[in-house]
Asker: 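Structure provided below as structure tokens; questions to follow.
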Amino acid sequence: MEVVAKTPEREAFYQKIDGQNLAALWNVMGDIITPEPKSACRPHLWKFDMIRDYMTEAGKLITAKEAERRVLILENPGLRGQSKVTTSLFAGIQMVMPGDIAPAHRHSQSALRFILEGKGAYTSVDGERTAMEPGDFVITPSMTWHDHSNETSEPMFWLDGLDIPIVQFFDASFAEGSKDDQQKITRPAGDSFARYGHNLLPVDGKRSSKTSPIFNYPYHYTREALEQAKARDEWDACHGLKLKFSNPETGDFAMPTIGTFIQLLPKGFKTARYRATDATVFAAIEGKGRSRVGEQTFEWGPRDLFVVPSWHWVTHEADADSVLFSFSDRPVQQKLDLFREDRGNA
Ligand code: GTQ
Ligand code: FE2
């Protein structure tokens with residue numbers, strides 16, 4: 001769109017209305033209604049080994065209890081100081097060391113955990129405890145009490161994804177702490193999976209939550225689904241094989257604000273270029289390869305993390321059978337009729 005010429009009369013007018021909290025649309029129109037997405041969000045890769053070293057250092061500086069959550073935020077280089085990995089989402093790496101208790105709290109923000117390293121630490125949500133393993137996808141729904149603990153002898157690391165910037169945008173944040181560090185366990189481990197993970201639902205179901213009733217999607221099952229599909233040898237040109245985690249009650253995404261995906265790229269596969277309006281955070285869990293995002297190329301292996309901003313072309317290439325977890329704000333964009341994707345010519 002055209003830039004409107006400046007004249008002394010116009011400048012004087014802008015000055016005058018500025019004092020009344022008014023501004024001329026014709027000076028900013030092109031910046032706020034762009035012909036295609038224009039984001040401050042930039043492509044970036046974080047190597048997990050680098051983060052693990054800093055987290056270990058953080059472990060000597062602060063306890064989980066004092067920190068409340070011992071998390072290093074993945075700050076997008078184009079959005080520094082805003083605690084954002086993309087314009088709409090937060091990501092962090094959380095470490096829970098042996099003996100740690102990350103105390104119970106609850107908040108409007110929904111959280112996902114994607115387990116990167118360690119085995120057997122617990123998170124508790126709404127009275128149920130689940131042990132976590134690498135590749136597990138665990139949900140903390142909005143306003144549910146949650147605390148984390150580690151009774152194993154090894155530190156545990158996971159990727160946190162939260163809708164913090166979305167809740168911030170709507171000024172809808174509520175949060176509270178609990179007087180007890182750990183919530184009371186009222187249901188056996190595996191209860192939610194037993195109730196909802198077997199293609200069966202209560203006949204008179206009356207849950208009101210828009211979040212999946214399954215709170216741990218174990219990697220064992222996810223990996224099996226991918227492996228079965230591998231035998232079929234049918235691949236999507238842009239994604240290899242990409243599945244979304246779904247809410248068994250609705251068939252919709254597992255979380256209302258964050259779409260979560262798991263993707264298999266077989267050895268030697270190179271995807272066709274793809275772009276979409278949902279900026280996406282990727283975490284590799286298995287394999288090795290590289291992704292080209294806009295003008296940059298990122299070499300990744302297990303536990304490495306990278307971000308693809310809105311409307312940036314991306315291609316992936318796998319040197320070994322590789323599994324990528326990813327998340328984005330796609331459920332929100334789809335509900336608002338804003339989501340768009342472009343498969344190039346594929
Ligand atoms: O584990 O409860 O990375 O509340 C940010 C906010 C983790 C958590 C984060 C949180 C949590
Ligand atoms: Fe939390």
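Numbering of ligands and ligand atoms starts at 1, following listing order. Here the structure is a predicted model, which means the values were calculated and not measured. Computed from heavy atoms alone, side chains included, the values below leave out hydrogens, waters and symmetry copies.
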Asker: At less than 4.0 angstrom from any atom of ligand 1, which residues have a non-hydrogen atom? List them by chain and residue number.
Answerer: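 Lining ligand 1 at under 4.0 Å, by heavy atoms, one finds Arg69, Val71, Phe90, Gln94, His105, His107, Arg113, His146, His148, Asp160, Leu162.
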
Asker: In this structure, would Phe157 and Ile73 fall into the same cluster of hydrophobic residues linked by side-chain contacts under 4.5 Å?
Answerer: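 No, Phe157 and Ile73 fall in different hydrophobic clusters.
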
Asker: Output the atom name for the N/O/S atom of His107 with the smallest distance to the Fe ion (ligand 2).
Answerer: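 Atom name returned: NE2.
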
Asker: Could you tell me how the ring of His148 sits relative to the ring of Trp158: parallel (under 30°), tilted (30 to 60°) or perpendicular (over 60°)?
Answerer: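 The rings of His148 and Trp158 stand perpendicular, inter-plane angle above 60°.
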
Asker: When you measure from the centre of the six-membered ring of Tyr122, is the NZ or CZ of Arg129 under 6.0 Å away and within 45° of the axis?
Answerer: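 Yes, Arg129 and Tyr122 form such a contact.
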
Asker: Which of these, Leu116, Ile285, Thr260, sits in a side chain to side chain contact (heavy atoms under 4.5 Å, CB included) with Phe325?
Answerer: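 The side chain to side chain contact (heavy atoms under 4.5 Å, CB included) with Phe325 is passed solely by Thr260 among Leu116, Ile285, Thr260.
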
Asker: Should Gln94 and Arg69 be marked as a side-chain contact (heavy atoms from CB on, under 4.5 Å) after you check the CA-CA gap, both sets of side-chain angles, and the distance that decides it?
Answerer: CA-CA 7 Å; Gln94 181 156 181; Arg69 294 296 183 264; 3.3 Å; yes

Asker: Under the criterion side chain to side chain contact (heavy atoms under 4.5 Å, CB included), which of Val138, Val96, Asn150 is the partner of Met132?
Answerer: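 When side chain to side chain contact (heavy atoms under 4.5 Å, CB included) is applied between Met132 and each of Val138, Val96, Asn150, only Val138 qualifies.
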
